[in-house]
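In what follows, a structure is listed as structure tokens, so that the remarks can point back to it.
Letters A, B, ... are given to chains in the order of the sequence lines, protein chains preceding strands, and every chain is numbered from 1.
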Number of protein chains: 2
Amino acid sequence: MNLLLESIAKHVSLSTEEQERVLSLTESRQYNAKTIVLKEGETCTHSFFVTKGILRNYTIDENGMEHVVSFACPGWWIADMYSYLTQRPGHSFIEVNEEAEVLLLSKENQELLYAEVPKMERFFRILIENSLVANQQRLIDNMSFTAEARYDKFSKKYAGLIHSLPQKQIASYIGVTPEFFSKMKARLLKRH
Amino acid sequence: MNLLLESIAKHVSLSTEEQERVLSLTESRQYNAKTIVLKEGETCTHSFFVTKGILRNYTIDENGMEHVVSFACPGWWIADMYSYLTQRPGHSFIEVNEEAEVLLLSKENQELLYAEVPKMERFFRILIENSLVANQQRLIDNMSFTAEARYDKFSKKYAGLIHSLPQKQIASYIGVTPEFFSKMKARLLKRH
DNA sequence: AGGAACACTTAACCTAGGTTAAGAAATACA
DNA sequence: TGTATTTCTTAACCTAGGTTAAGTGTTCCT
């Protein structure tokens with residue numbers, strides 16, 4: 001069965017016609033690893049629902065350091081939220097980590113969908129609510145915990161993902177340099 | 001005119017009956033400064049729309065350190081989002097900073113509102129979207145910038161609020177100790 | 001008005017994590 | 001298959017920000 005429809009069905013129930021309408025407004029794409037699907041300064045015209053592979057959203061700060069905003073694996077959405085919502089040039093990149101298949105939903109089609117299938121507005125509201133809660137938690141974690149504890153949380157939360165990610169991206173997500181991450185990992189190993 | 005209705009009107013337009021329905025589902029309350037309206041471990045049954053005063057949402061970590069999640073002044077909503085959305089015991093406090101007047105909206109009434117006035121689902125979707133974007137930006141800022149730069153951003157963003165907040169709360173919001181904040185401020189003064 | 005309870009400051013000292021740099025391992029790619 | 005590029009490791013050294021502690025305002029409460 002279709003991963004997108006499954007994921008929608010977890011939060012709202014659509015008629016067969018509504019399901020078809022949803023799918024008709026999306027567009028399927030495939031990308032090779034390392035494809036950059038959105039660059040800093042571009043406007044994020046579509047959001048991406050991942051059906052295969054892994055994508056990531058990150059910023060590059062004024063010292064050239066990369067900071068991962070989010071990873072997306074199958075069943076997850078990804079976009080530069082600021083740019084997508086405002087339809088103004090964004091400040092982040094979206095890059096394909098591993099050969100991927102995605103469904104594209106353009107901003108216009110999303111608005112259409114809200115008008116035609118109100119349940120989809122509920123669906124996205126719930127998704128965004130969950131993102132917000134996760135994001136607030138991550139912010140508090142960054143202020144409350146040491147890098148080691150954050151890594152521990154990350155490992156548990158993204159257990160499936162963790163072995164598919166280069167260490168430097170994990171380091172960047174939890175907010176430390178790759179060098180420190182490497183040192184920390186060695187310390188953890190030595191302890192047991 | 002009513003601050004809540006004004007704020008709604010910025011995003012969706014309601015009929016007079018709809019406006020009345022919204023108001024009929026909220027409940028007005030007054031609180032003195034220092035009132036704790038939600039404690040860690042309690043379930044956040046209502047969200048608060050501030051019409052007067054200032055409230056703040058914060059967590060206390062395992063070392064007893066306070067971390068401010070958000071401030072709310074007139075025209076803003078505040079809640080323990082995790083607890084409010086899941087209706088499970090939360091991990092944060094909501095406290096009245098300055099004598100306040102608020103409108104309470106219970107979770108049940110919010111759901112009622114979504115069913116009766118679909119435009120309100122849009123309204124809250126947009127609000128949550130904006131929160132998410134602001135929160136993602138704050139997270140990235142914490143990883144990209146020094147405490148000084150974060151303070152600078154905070155001062156600009158909350159220019160109106162900043163003189164009503166004790167320094168320790170600003171320190172806690174930007175993610176430093178009150179002692180370091182004090183040192184930093186002295187340094188900034190000395191520089192010009 | 002007087003004192004308990006906070007809020008802020010300062011200063012000496014400490015540490016988690018950053019920086020630089022150089023080498024080793026792994027991947028990509030021709 | 002070899003070489004170029006990227007990732008990872010290690011180690012010496014550095015610094016932003018934390019900790020502790022003691023003193024000085026403030027506020028608030030009776």
* Under 4.0 angstrom between A/Thr177 side-chain N/O and C/dG17 OP1 or OP2 -> no
* To do: Evaluate the side-chain contact (heavy atoms from CB on, under 4.5 Å) criterion for residues B/Tyr173 and B/Val69: first the C-alpha distance (whole Å), next the side-chain angles of each, then the deciding distance (0.1 Å), finally the verdict.
  => CA-CA 7 Å; B/Tyr173 185 95; B/Val69 180; over 6 Å; no
* Asked: Taking C-beta and beyond as the side chain, do A/Phe124 and A/Trp77 meet within less than 4.5 Å on heavy atoms?
  -> yes
* B/Met65 CE - D/dG17 C1' separation (whole Å) -> 11 Å
* **OP1 or OP2 of C/dT10 under 4.0 Å from side-chain N/O of B/Arg187** => no
* Taking the side chain of A/Pro166 as its heavy atoms from C-beta onward, which of C/dG17, C/dT9, D/dC8 lies nearest to it? -> D/dC8
* To do: Please report, rounded to the nearest Å, how far the P atom of C/dT15 is from the CG atom of B/Asn63.
  => 15 Å
* Please state how far atom CG in B/Leu189 lies from atom C1' in C/dT9, giving the value in whole angstrom units. => 12 Å
* Structure fact -> Comparing nearest nucleotides in DNA chain D, the 5'-proximal residue of the pair B/Glu179, B/Met184 is B/Met184
* Atom-to-atom span, CD of B/Gln169 to C1' of C/dC8 - whole angstrom -> 14 Å
* **A/Gln167 side chain near D/dT9 phosphate (N/O to OP1/OP2, under 4.0 Å)** => yes
* **Spacing of A/Lys185 atom NZ relative to D/dT7 atom P, expressed in whole Å** => 15 Å
* Asked: Do B/Lys10 and B/Glu6 meet the salt-bridge criterion of a basic N to acidic O distance under 4.0 Å?
  -> no
* Plane angle bin for A/Tyr58 and A/Phe93 - parallel if under 30°, tilted between 30 and 60°, otherwise perpendicular -> parallel
* Check every atom of D/dT10, D/dG17, C/dT19 against the side chain of A/Ala186 and return the nucleotide holding the closest atom. => D/dT10
* Asked: Quick one: what's the B/S/- string for nucleotides 22-30 of chain D, heavy-atom cutoff under 4.0 Å, read 5' to 3'?
  -> ---------
* Does OP1 or OP2 of C/dA16 have a side-chain N or O of A/Thr146 closer than 4.0 Å? -> no
* Structure fact -> When rounded to whole Å, the CZ to P distance for the pair A/Phe180 and C/dT15 reads 14 Å
* To do: Could you walk me through whether B/Gln169 and B/Asn97 pass side-chain hydrogen bond (donor to acceptor under 3.5 Å, both in side chains), step by step?
  => CA-CA 10 Å; B/Gln169 288 178 18; B/Asn97 250 14; 2.8 Å; yes
* Would you mind reading off the distance between A/Asn32 atom CG and C/dA28 atom P, rounded to a whole angstrom? => 12 Å
* What is the nucleic acid contact for A/Lys183, judged by heavy atoms within less than 4.0 Å: base, sugar-phosphate only, or nothing? -> base
* To do: Might you work through the side-chain hydrogen bond (donor to acceptor under 3.5 Å, both in side chains) test for B/Gln110 and B/Tyr84, ending with a clear yes or no?
  => CA-CA 11 Å; B/Gln110 180 155 25; B/Tyr84 184 71; 2.3 Å; yes
* **Length of the CZ-P vector between A/Phe181 and C/dG17, whole Å** => 13 Å
* Verify the distance criterion only: is there a donor paired with an acceptor across the side chains of A/Asn2 and A/Gln19 at less than 3.5 Å? => no
